[in-house]
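I have placed the structure first, in the form of structure tokens, so that the comments after it can refer back to it.
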Amino acid sequence: MADSDAKQIAKFIEPLRVKPGSDVDLTRDFDPAYKAGLVTKEKSEEVLQRGVAILSAYQDRLAAQDTTGLLVCLQALDAAGKDGAIRHVMSGVNPQGVHVSSFKVPSAEELSHDFLWRYARRLPARGEIGIFNRSHYEEVLVVRVHPELLERQRLPAAAKGTSVWERRFREINDWERYLTDNGITVLKLFLNLSKEEQRLRFLRRLDLAAHNWKFSVNDVQERRYWDRYQHAFSEMLSHTSTDHAPWYVVPADRKWFARICVSHILAHTLMQIDPHYPTVTPEQKRVEEQARSELLGSAAPEG
Ligand code: ATP
Ligand code: MG
């Protein structure tokens, strides 16, 4: 990887990173239609391929070492393109080293545990990339927008009340600090879709037979809470973008641009981890030489 590529990528993704400690107002601070001067999807194909190629090379190195794992959390409103981003960006990587976990409405068993329990069970091992399609951040998003969901969590009285979100932010930050201290890098991506683009995508799902299966009445109902979600997202970004586990806000109105951003942010993170193939020790070298002589000496008789 040329140094200039690494610098270019770092510069490209810098405007998307949420500065730790900043007071984010999503609508004011981030434009869902931003495209960094790239003009069209066709011209951008090469850029996407660059990100995917770097990702593929670095994932191979990540899988070969056994110290660091990478957790990628994807959050978004419905129709923002989470699934498509995962599919495209991961197209070049070895599926054995990647696990995708999707988090839906919690089960009775999950609700009978502490709120981070179900996410902790899906963490990547060292050498792996774990993708959370929705994540522990649902606990300060959908659960905040619909307070009745918090009621179902059977919390002790002292853990409820107005300070619950501040406390959850702290607990999430502490948990992510613990993970990064122990070798699991945490990366968080928020796909930022505009209200108008979401409306158009829902209509397309209704109009096009091939897209109809993706339509859910529930999604349109959730859209009525748009402003409350924007507030919850702003709060989440303000309180949980840290130096050790930063948030990136990915402009999602153009799917092709969102995919370029996701692949480059991942590539940048892997370059920072900088995984290396294990080096062969003199003892291993000796054993390998022995194996070679044995194999050479046991060739099958001719015929
Ligand atoms: P897609 O619709 O593309 O298949 P999705 O991620 O939207 O993917 P759905 O099954 O439609 O999957 O929705 C999952 C639902 O689960 C979302 O509405 C989400 O808000 C909800 N959910 C996730 N985590 C929690 C949680 N901790 N508490 C309550 N609801 C949650
Ligand atoms: Mg859905």
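Fair warning: this is a prediction, and the values are worked out from it, not measured in the lab. Counting starts at 1 for both ligands and their atoms, following the listed order.
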Please determine whether salt bridge (charged side-chain N to carboxylate O under 4.0 Å, His left out) holds for the pair D83 and R87, giving the CA-CA distance in whole Å, both sets of side-chain angles, and the decisive distance to 0.1 Å. CA-CA 6 Å; D83 293 355; R87 230 179 15 252; 5.8 Å; no
Show the numbers, then the answer: is there a side chain to side chain contact (heavy atoms under 4.5 Å, CB included) between V140 and E235? CA-CA 9 Å; V140 292; E235 285 272 296; over 6 Å; no
Determine, step by step, whether E14 and R17 satisfy the side chain to side chain contact (heavy atoms under 4.5 Å, CB included) criterion, reporting the C-alpha distance in whole Å, the side-chain angles of both residues, the deciding distance to 0.1 Å, and the verdict. CA-CA 5 Å; E14 182 53 28; R17 194 169 146 271; 3.8 Å; yes
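Atom 9 (P) of ligand 1 has its closest protein heavy atom at K104 NZ, 3.9 Å. Here the protein heavy atom with the shortest distance to atom 27 (N) of ligand 1 is E139 OE2, 2.9 Å. The protein heavy-atom contact nearest to atom 16 (O) of ligand 1 is V105 N, 3.2 Å. Ranking protein heavy atoms by distance to atom 31 (C) of ligand 1, first place goes to V142 CG1, 3.6 Å. Of the protein's heavy atoms, P106 CD, 3.5 Å lies nearest to atom 26 (C) of ligand 1.
For atom 2 (O) of ligand 1, no protein non-hydrogen atom is found at a distance below 4.0 Å. For atom 6 (O) of ligand 1, the nearest protein heavy atom lies under 4.0 Å away.
Taking only nitrogen or oxygen atoms, main chain and side chain alike, N218 does not reach within less than 3.5 Å of ligand 1. Remark: ligand 1 and D219 share no N or O pair separated by less than 3.5 Å (distance only, no angle test). Considering backbone and side-chain atoms together, E138 places an N or O closer than 3.5 Å to an N or O of ligand 1.
Using bins of under 30°, 30° to 60° and over 60° for the plane-to-plane angle, the ring pair H113/W117 lands in the parallel bin. F190 and F233 have tilted rings, their planes meeting at an angle from 30° to 60° on a 0 to 90° scale. In this pair, F103 and Y119 present their aromatic rings tilted. The plane angle is within the 30 to 60° band.
Distances from atom 24 (N) of ligand 1 to the heavy atoms of R134, R118, K214 put R118 nearest.
Distances below 4.0 Å separate heavy atoms of K82 from the following atoms of ligand 1: 6 (O). Taking a cut-off of under 4.0 Å to the non-hydrogen atoms of L149, the atoms of ligand 1 that pass are 29 (C). Numbered from 1 in the order shown, with element, the atoms of ligand 1 that lie under 4.0 Å from a heavy atom of V143 read 28 (N). Of all atoms in ligand 1, listed by their number and element, those nearer than 4.0 Å to a heavy atom of Y119 are 27 (N). Residue D83 approaches ligand 1 through these ligand atoms, each under 4.0 Å from one of its heavy atoms: 3 (O). Proximity to D78 (heavy-atom distance under 4.0 Å) selects the following atoms of ligand 1: 7 (O). Within ligand 1, counting atoms from 1 as listed, the ones closer than 4.0 Å to a heavy atom of F103 are 23 (C).
Annotation: cation-pi geometry not satisfied between R205 and F202 (NZ/CZ under 6.0 angstrom from ring centroid, within 45° of ring axis).
Side-chain contact annotation: R118 with H136, donor-acceptor N/O pair under 3.5 Å absent.
Atom CD of residue E166 and atom NE2 of residue H239 lie 4.5 Å apart, to the nearest 0.5 angstrom.
Between the side chain of R168 and the backbone N or O of E139 there is at least one donor-acceptor pair closer than 3.5 Å.
Residues F132 and L266 fall into different hydrophobic clusters, defined by Ile, Leu, Val, Met, Phe, Trp and Tyr side chains chained together at heavy-atom separations under 4.5 Å.
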